[in-house]
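All remarks here apply to the structure that follows.
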Protein chains: 2
Amino acid sequence: MTEYLDHPTAEDIALPAVLTALGDETRLAIIAILARNGEKAMTCGQFLQLGSKTAISYHVAKLREAGIIHVRRDGTRRLLTLRRDDLEHRFPGFLDSVVTSAVAMQTPEVLDYPAAPETARGM
Amino acid sequence: MTEYLDHPTAEDIALPAVLTALGDETRLAIIAILARNGEKAMTCGQFLQLGSKTAISYHVAKLREAGIIHVRRDGTRRLLTLRRDDLEHRFPGFLDSVVTSAVAMQTPEVLDYPAAPETARGM
DNA sequence: CTAAATGTTCAATGAACGTTGAACTAACGC
DNA sequence: GCGTTAGTTCAACGTTCATTGAACATTTAG
């Protein structure tokens with residue numbers, strides 16, 4: 001029984017929701033790290049430096065519901081990716097400017113996230 | 001006794017605060033209208049289509065405290081301007097992208113704000 | 001001086017936010 | 001099957017948010 005996580009369609013991504021979702025230090029750090037990681041997906045576990053398991057789960061859900069990241073299952077893990085193309089389509093130039101400033105905001109320690117475990121199948 | 005309103009310096013403008021301040025429909029409408037008005041200052045009264053006097057006062061204070069707008073006295077009125085240069089300096093490309101999307105979001109009625117009364121002295 | 005115009009402040013309200021720890025679920029490894 | 005890994009859900013808590021109406025403050029106009 002494959003369960004699907006709710007993601008807004010590209011057209012349903014709303015600017016106030018996106019701005020609200022990004023208006024939090026933890027969530028800005030998450031997208032800064034995701035962006036620095038290129039196109040590669042990351043797991044929730046790689047963000048535990050930023051907060052408890054529960055807190056990360058909460059923030060990841062907020063980012064997903066706002067349409068900023070995509071989350072898919074990979075075994076017991078979740079693989080997170082930035083919805084770069086969808087965001088660029090809806091709000092041209094927005095994500096790049098936020099990511100640039102958000103990355104500049106972070107301390108080196110924050111950007112130095114732990115590697116993912118070796119179990120990835122989706123890659 | 002000239003009273004000064006608190007504005008963060010350019011360097012003290014913080015990205016999470018800016019994003020939080022813009023994550024509200026009313027405040028996005030205010031900056032969309034301000035941006036469409038060019039460099040000209042506008043008064044709080046010109047935004048009463050967006051909410052009560054109290055509500056506008058509240059939202060304007062939020063935008064000011066976040067460093068998004070500058071507010072100065074002009075008689076009994078307040079003159080509002082976007083802090084374009086300061087924002088561009090801190091977060092290059094950010095304001096433009098938000099303004100573009102925020103303007104596109106508005107209905108024509110919202111963008112068709114009332115003219116300011118003829119009392120302006122500061123210009 | 002008085003009255004009008006323009007905003008601000010205050011207290012109250014209900015909703016949403018972010019964090020916590022405990023309990024739970026789902027999938028993998030052996 | 002059994003335990004481990006990875007993450008979610010839930011209830012509880014205190015905080016901040018957005019709105020309202022009433023009262024107040026300040027400056028201009030006459």
Side-chain angles (χ1 to χ4, degrees), chain A residues 1-6 14 16-30 41-66 69-80 113-122, chain B residues 1-6 14 16-30 41-66 69-80 113-122:
Chain A
M1 168 201 158
T2 322
E3 50 89 46
Y4 277 93
L5 297 172
D6 269 359
V18 167
L19 291 164
T20 297
L22 292 176
D24 175 274
E25 310 241 11
T26 301
R27 295 193 292 261
L28 269 184
I30 291 176
M42 297 183 68
T43 71
C44 292
Q46 292 181 275
F47 298 100
L48 290 181
Q49 44 170 332
L50 301 176
S52 66
K53 236 171 25 162
T54 308
I56 297 303
S57 185
Y58 169 75
H59 289 303
V60 164
K62 287 274 170 189
L63 289 169
R64 173 177 53 76
E65 289 159 10
I69 66 177
H70 186 266
V71 183
R72 68 182 195 279
R73 236 181 215 296
D74 173 56
T76 73
R77 309 184 318 179
R78 305 290 169 126
L79 292 182
L80 318 185
Y113 51 84
E118 300 288 289
T119 328
R121 297 174 312 178
Chain B
M1 168 200 159
T2 320
E3 52 90 46
Y4 276 93
L5 296 172
D6 268 359
V18 167
L19 291 163
T20 297
L22 292 176
D24 175 275
E25 311 242 8
T26 302
R27 293 193 292 261
L28 269 184
I30 291 175
M42 297 184 68
T43 72
C44 291
Q46 291 180 277
F47 298 99
L48 291 180
Q49 44 170 334
L50 301 176
S52 65
K53 237 171 25 163
T54 308
I56 298 303
S57 185
Y58 169 75
H59 290 303
V60 164
K62 287 272 172 193
L63 290 169
R64 173 177 53 77
E65 288 160 9
I69 65 177
H70 187 267
V71 184
R72 67 181 195 278
R73 236 181 216 297
D74 174 56
T76 75
R77 309 183 320 179
R78 304 289 169 127
L79 292 182
L80 317 184
Y113 50 84
E118 299 289 288
T119 328
R121 299 174 309 176

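Residue numbers start from 1 in every chain, and the chains themselves are labelled A, B, ... in the order their sequence lines are given, proteins ahead of strands. Keep in mind that this is a model prediction, so the values were computed, not measured. Computed over heavy atoms, backbone and side chain alike; hydrogens, waters and symmetry mates excluded.
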* **Flag if over 12 foreign heavy atoms under 6.0 Å of CD, A:Glu25** => no
* **Near-strand residues of residues 51-66 of chain B, defined as heavy-atom separation under 4.0 angstrom from DNA chain C** => B:Lys53, B:Thr54, B:Ser57
* Which heavy-atom pair separates A:Gln46 from A:Pro114 by the least distance, and what is that distance? -> NE2-O, 2.9 Å
* **Between D:dA6 (C1') and A:Leu80 (CG): distance, integer Å** => 12 Å
* Asked: Between atom CG in A:Leu79 and atom P in D:dT8, what is the gap in whole Å?
  -> 12 Å
* Between P of C:dG7 and CE of B:Met42, the distance in whole Å -> 11 Å
* Asked: Which pair of non-hydrogen atoms, one from B:Val71 and one from B:Ile69, has the smallest distance, and what is that distance?
  -> CG2-CD1, 4.0 Å
* To do: Answer yes or no: is there a donor N or O on one side and an acceptor on the other, between the side chain of B:Arg64 and the main chain of B:Asp6, under 3.5 Å?
  => yes
* Structure fact -> Tightest non-hydrogen contact, residues B:Val18 and B:Ala66, listed as CG2-O, 3.7 Å
* Taking side-chain hydrogen bond (donor to acceptor under 3.5 Å, both in side chains) as the test, write out the residues that go with B:His70, two or more places apart. => none
* What's the closest nucleotide to the B:Thr76 side chain, out of C:dA27, C:dT6, C:dG7? -> C:dT6
* Asked: Contacts to DNA chain D from residues 18-29 of chain A, heavy-atom cutoff under 4.0 Å, which residues?
  -> none
* Over how many whole Å does the gap from B:Ile69 atom CD1 to C:dG7 atom P extend? -> 12 Å
